[in-house]
Amino acid sequence: MPCPFETPILPPLRRRRKRRPTPRARTTVTNAYDPQSIEARWQARWDTDRTFAALNPGEPGFDAARPKYYVLDMFPYPSGSGLHVGHAVGYIGTDIVARKKRMEGCNVLHPMGWDAFGLPAEQYAIQTGVHPAQSTATNTANFRRQLKKIGLSYDWAREINTSDPSYYRWTQWIFKRLHEKGLAYQAEVPVWWCEELKTVLANEEVINGRSERGNFPCVRRPLKQWMLKITAYAERLLDDLDLLDWPESIKIQQREWIGKSEGAEVEFAVEGGADKLVVFTTRPDTLWGATFMVVAPEHKLLQRVPASHREAVRAYVQSAAAKSELERTELAKDKTGVFSGLFAHNPAFESGDPRGRIPIWVADYVLISYGTGAIMAVPGHDERDFAFARKFGIEVREVVRPPQGEKGLAEGVCFTGDGTAVNSGPVDGLPTPQAKSRAIELLAQRGVGKARTTYKLRDWLFSRQRYWGEPFPLVHLTDGTTVAVDDDALPIELPQMEDFKPSSDGSAPLARATAWLQTTHKGAPARRDTDTMPGWAGSCWYWLRFMDPHNARAPWSKDAEQYWGPVDLYVGGAAHAVMHLLYARFWHKVLFDLGLVHTKEPFQKLFNQGLITAFAYQDSTGRLVASDEVETRGNEFVRKASGEPLEQIVTKMAKSLKNVVNPDDVIAEHGADTLRLYESFMGPLADSKPWNPRDIAGCARFIDRAWRLLVDPESSDPVRPQFRVDQGDRPLEGDTLELEKQLHRAIARIDDSFKVFNFNTSIAALMTFVNEAMKKHAAMTRSQAERFVQVLSPFAPHMAEELWSRLGYSDSIAYVPWPKVQQQFLEDDTVEIVVQVGGKVRGRVGVPKAAAQPDVEAAARGAVASWLEGKETVKVVLVPGRLINFIVK
RNA sequence: GCGGAAGUGGCGAAAUUGGCAGACGCGCGAGACUUAGGAUCUCGUGCCGCAAGGCGUACGGGUUCAAGUCCCGUCUUCCGCACCA
């Protein structure tokens, strides 16, 4: 099949001049490093030998004595544009880890699959006119091809696809479990509707009133939708973060997203009727300072507005509704609102006390979706209430006296911190924390309030009126009830539809699949649900399916889950800090409660790889110019066609920025091992770093040098003669000993780099070793060559396999035990001591490692004699084995 | 505004517990080998200075014999969140 991405999108390498036939060099040398043939051969070999197949407990050959290691990538959405080098950096990182773990004797689970359902796939399908099932098949084939070409050691027998009925059968099955537990319900809720996408979106998919995907305008609309009760798990989602080895920044983002806040719920009686206005506050201690109340424009109390104020309130509510989310935020500092004509009674005061009669206002700084949609406003101790009261001339009453030295109302500023209660009757004199709990007690005694905890986290809007997603495993009966279909009726397959575009009225495409729609349930006529699940659904449990991907009787077997779970290392972009990771944790906890998994959390260690950025070019008007239209002239960049000067900027890789680098092109030019080395060498995996094609050459040179270290390109021998026989008894001395030390140092550095995934230092260590070994070539032994190839293999596996086989081994290097560092080779008999005078380096001196202090000092004095001449030494600081510092006067 | 991450040569970067700043690589300069080089090899390469030497890890202070690393303050960039009562 022709690859749809033929156009090279590499930034301009220096163009080759016309290629001349190369007479001698290329034709007679048969033994030069040839990545294309080596890589093709070993990739084919890995496939046919199933080298990286992971065995499950119970399978023949499974070795229960080995520790398990589950290393998982965030599986990709297989987009039409294929993989770019930015995606690859994370996959290369996990591959390096997986390969080393195998050599360390672990049973390694390292799978890959496709997150193929969801809006982007469908949008792409609509744009190109190709059915999503078709484009998904094409795109996954392309992704798989690209991943294999990088030499990633996945167990391809475990490949999964969330849009495959054999997979989503179990997504539906899990949804049924949620439904049974009452965690899935239907509700008429105001939801974000995107006209352009013709679907509802979850809160978190809408940014400033525009869709995250496509940046289309969205509006609020009430619609009956499936919801998942993630809020029931809010507390555990928060608490269990403490169990995880995750980046602190991600934990913080999750905590903020859950947004726990503790306080009280307080009832205010509304004057002239039985209505109660319930508010949530984190500061019950300030109840005595509440001088007005505010309800959100959508609050139902507004139906009770007296005629005198009805028109003003109606007008305000309408204008608030017309404001986009963006306008609301932009105008955040300038508060708006109107008086509703209603009054409430503050329960802090006796009825009849004029201080307790407070006006109720409508303002859009109060959100209907948080708390109760209404607040008690304490302008003395809340910035927003303060601004509002100032603007509308409402009384500000001090009820918290700031601690000594802090400014408060006396200085004309709103004080929001902790202090001492004043003007607050029964809580007067209490420090804020005690005043809070005392206030709650008082409210509770009188039955007008109680302690309450709220969360920013909302229930998860789980339906989409789209085609390309999992159908719901439920039917609607004629009597209006909704029931789940039987487990053995699963999967409810998506019907084949030619036209799956959303309808203009917002009804789901599946509503037009008339034959599919009508069904029966236990003999009675029934109608299927026409919504589909959101794109996140399939990724909420996929790590579990990887453990047992072909199980036809259950989503996974208990044995498999017991053995492989949890994921030991999960690597992906920080972009998924909140949504995917929170949803996945939620499902996992539900499954835990059902006894279907044995761990509370799915991902023990999480690691975020950094972004690969790339150069992009702008002309003087700021317009982007594709990288391949750009020419480098010295330090300047110009448009090739016109010579017009351009500015080089560094940005993320994106099709729209015309700076995407396809790994296929890098592999075609340099080979996959060089690509892997470069991506590892650029910098620590966690860092964001720019792709610079110029730098690839260094890795290409290194790998070629490494090849020549073991193979003589001028001869036809598989390896240099000195490596053909084991010189086991040869004494380690001279250059051979020196190389042995270098090798151990390199391995120590490599081992170290797996702690924080800064493989750049591993590559540097390998380079240093090769440079040294090239100089002491004749002294290198077969054993050293073998160990070098072993530690090279996670990084450049194709070449390592090739060299390993040339060294005479017929089995793959993948499971050869990782060499051990021996401490004795990391130490030298003599050490170089830096000699400082007055803190400045003035010389250095070699001394025996075990040298006594007076001897070191004497030697050091000799080395810096001219600097000490005529000076008095006041102090000598000696750092053994490192440094000596003479402080002089 | 709040929260997080970061700031080191021309470029990507390195630097256990505070102990030689710039490993490794790119680029650049010089040379060797070559009919040829985008191959390979050797040497050099933080800045200023002829040199001796001085100055250098965003900026300003501090602690210390010694600071990229610790403390206080400031600035800049990127990423989240953003009226959450």
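Small disclaimer: the values here were computed from a predicted structure and weren't measured. Letters A, B, ... are given to chains in the order of the sequence lines, protein chains preceding strands, and every chain is numbered from 1.
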With [atom1] as the reference atom in both, quote the distance from [N] to [M] in angstrom, rounded to an integer.
N	M	atom1	answer
B:G61	B:C11	P	25 Å
B:G73	B:G49	C1'	35 Å
B:G7	B:U74	C1'	14 Å
B:U63	B:C70	C1'	8 Å
B:G68	B:C55	P	13 Å
B:A66	B:C78	C1'	34 Å

* Closest to the A:Asn771 side chain, choosing from B:G12, B:G25, B:A14 -> B:G25
So [X], base contact, sugar-phosphate only, or nothing? Heavy-atom distance under 4.0 Å.
X	result
A:Arg844	base
A:Glu383	nothing
A:Lys840	sugar-phosphate
A:Ser688	sugar-phosphate
A:Leu883	base
A:Arg842	sugar-phosphate

Is the phosphate of [N] approached by [X] (side-chain N or O, under 4.0 Å from OP1 or OP2)?
X	N	answer
A:Lys689	B:G25	no
A:Ser261	B:A85	yes
A:Asn760	B:A14	yes
A:Arg701	B:C26	yes

Verify the distance criterion only: is there a donor paired with an acceptor across the side chains of [X] and [Y] at less than 3.5 Å?
X	Y	result
A:Tyr455	A:Ser261	no
A:Asp334	A:Tyr365	no
A:Asn758	A:Ser753	no

Could you check how far [atom1] of [X] sits from [atom2] of [N], rounded to whole Å?
X	N	atom1	atom2	answer
A:Asn692	B:A13	CG	C1'	13 Å
A:Leu581	B:G80	CG	P	15 Å
A:Asn31	B:A39	CG	P	21 Å
A:Leu677	B:G25	CG	P	13 Å
A:Leu675	B:G25	CG	P	20 Å
A:Phe759	B:A13	CZ	C1'	16 Å
A:Ile703	B:U40	CD1	C1'	17 Å
A:Ile252	B:C81	CD1	C1'	12 Å

* Asked: RNA chain B: A:Ser249 or A:Tyr678, which has the more 5' nearest nucleotide?
  -> A:Ser249
* Asked: Taking for each residue the nucleotide of RNA chain B with the nearest heavy atom, is it A:Ala765 or A:Ile375 whose nucleotide lies nearer the 5' end?
  -> A:Ala765
* Structure fact -> Shortest non-hydrogen pair, A:Ile440 vs A:Gly263, comes out as CD1-O, 4.0 Å
* Taking the six-membered ring for Trp, are A:Phe415 and A:His381 parallel (under 30°), tilted (30 to 60°) or perpendicular (over 60°)? -> perpendicular
* To do: Taking the six-membered ring for Trp and the single ring otherwise, decide whether the centroids of A:Trp691 and A:Tyr678 are under 6.0 Å apart.
  =>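 Judged by ring-centre distance (under 6.0 Å), A:Trp691 and A:Tyr678 do meet the cut-off.
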